[in-house]
Amino acid sequence: MIEINAKTREAYDLMHQGTLALAKMERHGIGFDEAKAQTFYVQLSEQIATLEQKIKKSTFYKEWQRSAKTEINIYSDLQLADFLYNIKGYTPTSVTKTGKGATNAEALGHLGIKEVDWLLDIRKLKKARDTYLGSLMRENNSGRIHPHYNLNLVTTYRSSSSDPNFQNMPKRDKEIMKIVRSCLIPSPGFHLMEVDFSQLEVSIAAAYHKDPAMIDYLKHDRDMHKDMAKQIFFLKKFDKNNPYHSYLRKAAKNGFVFPQFYGDYYKPCALNLGQKWGKLQDEEWKRGQGVLVDENTHLSDHLIKNGISSIYDFIEHIKKIERHFWGKRFPVYQEWKETQWSNYQKRGYVDLYTGFRCCAPSKSGSSTLSRNDAINYPVQGSAFHCLLWSVIQLDKQLELHGMQTRMIGQIHDAIVIDVHPDEVNDVVSLAKNIMTKLLPEHWSWINVPLRVEFEMTPQDGSWAEMQGLHI
DNA sequence: GGAACTCGCCAC
DNA sequence: AAACGTGGCGAGTTCC
């Protein structure tokens, strides 16, 4: 629980009306296909049992059991770490914050032990079964689920969701996504629709730092990730239809640009880019290693040709890019970060444009905000408030027009809607008008255009069947 | 026997 | 100076 520090009447009203609109969503809930969930639950359980039997028949298991005094639990990471790192003598690729050898997917995957890979497979299946299907089945109320939305739990004045948490349903892993999301369905005869703000946090950050170069990117919808991919991976030309280039663009986006915006620095970025995205495992790079940069060139060869032959060279390379990124590309943004940090140190709080004040710590044990916190909090909070304001307005409009469409969920920068088939076009224009026109008019501190994307399922299609809607 | 912690992992 | 921001949740484990 946080202390809500609303400094203005407007901030108070946003919380008040927001709470009412979210409560309405919660009451309406989302349809749940119980039978489908039950089927998946059984299927997953069978897959888990099969893998478990395979493991228990293996010599790996027998050796593990022999090494222990009591009956081992193959699902205990503590016992697994002890066996692998203390008894078998493997070196963990990373450690946890308490200094023990890590047993996360990354670390275990590196070992190349097939029984351990089976354990990782089980982990994934159990996550889907117990965390997701399990919580949906537990919270099921006659074919509807009513996730809670909280406005009083997050330090940044974002929302959270629980029982079940509607804001972390699987999406990236397509197999797990289908299992979970296909159980979440519209009302009979309706569609599910999702409206997302495109790059909302980056756009809202621009209102704070006002960096002209960043504003230029956002105003003209220019592709920063492409520019960074070219620089990081020495690409002379970038072809967006080239799948190798698309991959490298994604690496630049997820391995450099986003982490930098959240306050990461060059060294972890470089290590991540090299190992996770570039698939370059050794410190010195040999010929023919890493992902492809074109039909017949591996990343290692490409980097060596450009004078980068080891992870140490690459760290230096990324260090230069980071310096250029903040010093030359976005100096005004950089300057704002420094000012924001020193202002926080002077005053002991950071204010949001939406009228809220952050001074409470998020992490236990610390009574102050870190530098990254002081920079990130106002952006994260007011970005969410753009979504919350939109939810309130859309709710009013749906009510005003006596529509049958209802909002049923909210995920930080997106609204999930249960749409009556006759109201599809109206909902699209209402949402688009509120989110891209009325919102920037209402909050004049917004200084770049806001964009939205729509997705929709077929009639009676589940949440796993979302398709882009071209407006 | 329950509270609190650790670890891992899902989302934005 | 600091070193990726915000959550929820399940399972195992330890503390009281």
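Each chain gets a letter, A, B and so on, in the order its sequence line appears, and its residues count up from 1.
Under 4.0 angstrom from either OP1 or OP2 of C:dA3 there lies no side-chain N or O belonging to A:Arg371. Listed pair A:Ser161 / B:dC12 fails the phosphate criterion, with no side-chain N or O lying under 4.0 Å from OP1 or OP2. Checking the phosphate oxygens (OP1, OP2) of B:dA11, a side-chain nitrogen or oxygen of A:Arg172 falls inside 4.0 Å. Distances shown here put every side-chain N or O of A:Ser162 at or beyond 4.0 Å from the OP1 or OP2 atom of C:dG7. Phosphate contact (OP1/OP2 of C:dG5, side-chain N/O of A:Tyr377, threshold under 4.0 Å): absent.
Protein atom CD of A:Gln340 is 18 Å distant from nucleotide atom P of C:dA2, rounded to whole Å. A:Trp341 has its CH2 atom 8 Å from the C1' atom of C:dA2, to the nearest Å. One interatomic measurement links the two molecules: CG of A:Leu120 to C1' of B:dC7, which rounds to 14 Å at whole-angstrom precision. In this structure, the NZ atom of A:Lys319 is 18 Å from the P atom of C:dA2, given to the nearest Å. The interatomic distance linking A:Leu80 (CG) with B:dC7 (C1') rounds to 12 Å, in whole Å. Rounded to whole Å, atom C1' of C:dG5 lies 4 Å from atom CG of A:Asn376. In this structure, A:Met169 places its CE atom 11 Å from C1' of C:dC9, rounding to the nearest Å. Separating the CG atom of A:Asp264 from the C1' atom of C:dC4 is a distance of 5 Å, rounded to the nearest angstrom.
A salt bridge does not link A:Asp418 with A:Arg406: none of the charged nitrogens is closer than 4.0 Å to a carboxylate oxygen. In summary, A:Lys124 and A:Glu175 engage in a salt bridge, as defined by a charged side-chain N under 4.0 Å from a carboxylate O. Ionic pairing of A:Glu52 and A:Lys56 is present here: one or more N-O contacts between side-chain nitrogen and carboxylate oxygen are shorter than 4.0 angstrom. The pair A:Glu201-A:Arg158 meets the salt-bridge criterion, with a side-chain N (NZ, NE, NH1 or NH2) lying under 4.0 Å from an Asp/Glu carboxylate O. Taking 4.0 Å as the cut-off between side-chain N and carboxylate O, A:Glu63 and A:Lys88 count as a salt-bridged pair.
Backbone-only engagement by A:Leu153 is indicated by non-hydrogen atom pairs under 4.0 Å involving sugar-phosphate atoms exclusively. Contacts of A:Pro259 with the nucleic acid, taken as non-hydrogen atoms under 4.0 Å apart, include base atoms. Across all strands shown, A:Thr103 has heavy atoms under 4.0 Å from sugar-phosphate atoms exclusively, and none from any base. Using a 4.0 Å heavy-atom cutoff across all strands shown, A:Ala414 reaches no nucleic acid atom at all.
Between C:dG8, B:dC7, C:dT6, one nucleotide has an atom nearer to the side chain of A:Thr155 than all others, and that is C:dT6. Considering only side-chain atoms of A:Asn165, the nucleotide from C:dC9, C:dG5, C:dA3 that sits closest is C:dC9. Ranking B:dC9, C:dT6, C:dA3 by closeness to the A:Lys127 side chain, first place goes to B:dC9. Distances were taken from every side-chain heavy atom of A:Asn168 (C-beta onward) to each of B:dC10, B:dC12, B:dC9; the shortest belongs to B:dC10.
Between the A:Gln380 side chain and the A:Thr156 main chain, no donor and acceptor come within less than 3.5 Å of each other.
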message: If you apply the rule side-chain contact (heavy atoms from CB on, under 4.5 Å), what do you find for A:Tyr132 with A:Asn168, and how did you get there?
response: CA-CA 9 Å; A:Tyr132 295 107; A:Asn168 74 343; 3.5 Å; yes
message: With ring-ring contact (aromatic ring centres under 6.0 Å, His included) as the criterion, how do A:Phe60 and A:Phe83 come out once you've worked through the C-alpha distance, each side chain's angles and the decisive distance to 0.1 Å?
response: CA-CA 10 Å; A:Phe60 174 88; A:Phe83 177 62; 5.5 Å; yes
query: Could you write nucleotides 10-16 of chain C as a row of B, S and -, 5' to 3', where a protein heavy atom under 4.0 Å of any base atom gives B, of only sugar-phosphate atoms gives S, and otherwise -?
result: SSSS---
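Other residues, nucleotides and ligands contribute at most 12 non-hydrogen atoms within 6.0 Å of the NE2 atom of A:His16.
Scanning residues 83-102 of chain A for heavy-atom distances under 4.0 Å to DNA chain B yields A:Thr96, A:Lys97, A:Thr98, A:Lys100, A:Ala102.
Residues meeting the side chain to side chain donor-acceptor pair (under 3.5 Å) test with A:Ser462, sequence neighbours left out: A:Glu465.
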